[in-house]
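Reading through the structure tokens given below for one structure.
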Amino acid sequence: VKSIYDKTAARELLSGPIQYQFLYNKPRQWPAWEIQYEDIILPPQGRLVGTPEIRMIDQRPVRVGLEINRKTEKSKFHLIVWLAAGEAGNRVEFENSVDWYERETLLKAAFQFSTPNDSVTYDIGLGTIKRGLNTPKKYEVPGQQWADLTNQSGNYGVAILNDCKYGWDHPDPKTLRLS
């Protein structure tokens, strides 16, 4: 997805395409759950590229679903993008299913927004936490069901709602990544 346009506010939400990024990941001690700062600050070692298989799976007067399938040499990516009309059209829904077999590689969904800010607000279940850009001491942030990148003036923002992944990072003012 390279464009999400807010018709009400007459503005583009994305400053670049949403990407699956592959980051080198070989923690020194706990490979099942630790991420090293030295690895996460490096540029991605790759991105999901290639020609996707796309088909419409549901088309109704007020809702449409697009199924997108892609592969790497080892892993499979299944995505459904839901678009709707009316009040339900105030969001774009993504259903991801990844059959992951890459070694020493961390997968991140990278969102580049047009609402730059040095800090992001994350949901932590019973409250929120606000964190800045990645630093050696604070770089992978726990977040439960959403993260919000509101611009510095505070008058416009974008939130990502999430139901199953809990690690985020903020490498630059425009980018928010979900592990």
Side-chain angles (χ1 to χ4, degrees), residues 1-4 11-50 52 68 70-79 92 94 96-125 127-154 156-179:
V1 174
K2 58 183 173 180
S3 175
I4 300 175
R11 66 184 296 163
E12 176 62 42
L13 300 181
L14 300 177
S15 65
I18 299 171
Q19 301 175 345
Y20 288 111
Q21 295 181 345
F22 308 137
L23 283 73
Y24 175 73
N25 184 40
K26 190 169 181 180
R28 292 184 287 273
Q29 197 166 10
W30 298 290
W33 61 82
E34 186 178 49
I35 299 170
Q36 301 295 139
Y37 178 71
E38 298 80 25
D39 295 339
I40 206 167
I41 62 168
L42 294 173
Q45 62 184 12
R47 293 173 178 80
L48 184 60
V49 294
I68 303 164
R70 298 174 96 167
K71 296 180 191 176
T72 66
E73 189 176 309
K74 300 175 186 174
S75 301
K76 295 178 185 176
F77 296 76
H78 177 80
L79 170 66
V92 179
F94 297 86
N96 282 292
S97 175
V98 179
D99 194 13
W100 186 250
Y101 290 96
E102 310 300 322
R103 299 195 49 84
E104 298 178 356
T105 304
L106 173 64
L107 176 64
K108 289 237 179 217
F111 303 86
Q112 296 178 4
F113 292 117
S114 61
T115 55
N117 198 332
D118 288 348
S119 67
V120 174
T121 303
Y122 304 91
D123 165 49
I124 56 171
T128 62
I129 186 171
K130 196 170 209 168
R131 287 277 176 85
L133 297 173
N134 293 353
T135 68
K137 299 275 185 202
K138 296 178 182 177
Y139 52 93
E140 185 76 1
V141 181
Q144 294 292 311
Q145 296 185 330
W146 55 265
D148 172 77
L149 181 60
T150 294
N151 63 15
Q152 289 185 341
S153 66
Y156 192 83
V158 179
I160 299 173
L161 308 179
N162 169 49
D163 67 355
C164 65
K165 299 296 176 197
Y166 309 111
W168 303 81
D169 82 307
H170 185 43
D172 63 66
K174 289 185 174 184
T175 305
L176 184 57
R177 297 189 299 191
L178 177 61
S179 299

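Judged purely by atom type and a 3.5 angstrom limit, D123 uses its side chain to pair as donor or acceptor with the backbone of Q145. Although no hydrogens or angles enter the test, the distance criterion places a donor-acceptor pair under 3.5 Å between the side chain of R70 and the main chain of G50. Side chain of Q21 to backbone of A109: no donor-acceptor contact under 3.5 angstrom is found. Side chain of N117 to backbone of T150: a donor-acceptor contact under 3.5 angstrom is found. Listed for the H170 side chain is no donor-acceptor partner under 3.5 Å among the backbone atoms of R177.
Using a 4.5 Å heavy-atom cutoff, the side chains of Y24 and D39 are in contact. A 4.5 Å side-chain heavy-atom check between P44 and F22 finds every atom pair outside the cut-off. In this structure the side chain of D172 never reaches within 4.5 angstrom of the side chain of Q112, judged on heavy atoms. Side-chain contact between R11 and T115: present, with at least one pair of heavy atoms (C-beta onward) separated by less than 4.5 Å. Side-chain contact check for L23 versus L42: every heavy-atom pair is 4.5 Å or farther apart. Inter-residue side-chain proximity for W146 and T128 is flagged as met; some heavy-atom pair is nearer than 4.5 Å. Side-chain contact between Y166 and Q144 is present, with at least one heavy-atom pair separated by less than 4.5 Å. Residues L176 and I160 are in side-chain contact: their nearest non-hydrogen atoms beyond the backbone lie under 4.5 Å apart.
No hydrogens or angles considered: a donor-acceptor pair under 3.5 Å links the side chains of S75 and E102.
The aromatic rings of F77 and W100 sit perpendicular to each other, their planes meeting at more than 60°, with 30° as the lower class boundary.
To the nearest 0.5 angstrom, N134 atom CG is 4.5 Å from D169 atom CG. Atom-to-atom distance recorded for I129:CD1 and W168:CH2 is 14.0 Å, nearest 0.5 angstrom. Remark: Y156 OH to F113 CZ distance equals 10.0 Å, nearest 0.5 Å. The distance from the CD1 atom of I35 to the NZ atom of K108 is 5.0 Å, given to the nearest 0.5 Å. The structure places CZ of R131 at 12.0 Å from OG of S119, a figure rounded to the nearest 0.5 Å. The CD atom of Q36 lies 9.5 Å from the CH2 atom of W30; values are rounded to the nearest 0.5 Å.
In terms of heavy-atom proximity, E34 sits nearest to Q29 at OE1-N, 3.5 Å. When all heavy atoms of Q45 and E104 are compared, the pair lying nearest together is NE2-O, 4.3 Å. For the pair L133 and P173, the tightest heavy-atom approach, listed with the atom from each and the gap, is CD2-N, 3.6 Å. Annotation for S3 and E12: closest pair OG-OE1, 2.7 Å, computed over non-hydrogen atoms. Nearest heavy atoms, A147 versus V120: CB-CG1, 4.2 Å.
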(request) Check the pair V1, V92 against side-chain contact (heavy atoms from CB on, under 4.5 Å), reporting the backbone distance first and the verdict last. (result) CA-CA 10 Å; V1 174; V92 179; 6.0 Å; no
(message) Assess the residue pair L149 and F111 against the criterion (side-chain contact (heavy atoms from CB on, under 4.5 Å)); give the C-alpha distance rounded to whole Å, side-chain angles, the decisive distance to 0.1 Å, and a yes or no.
(response) CA-CA 10 Å; L149 181 60; F111 303 86; over 6 Å; no
(message) What verdict does the side-chain contact (heavy atoms from CB on, under 4.5 Å) test give for Q152 and D118, after you've listed the backbone C-alpha separation in whole Å, the side-chain angles of each residue and the deciding distance to 0.1 Å?
(response) CA-CA 8 Å; Q152 289 185 341; D118 288 348; 4.3 Å; yes
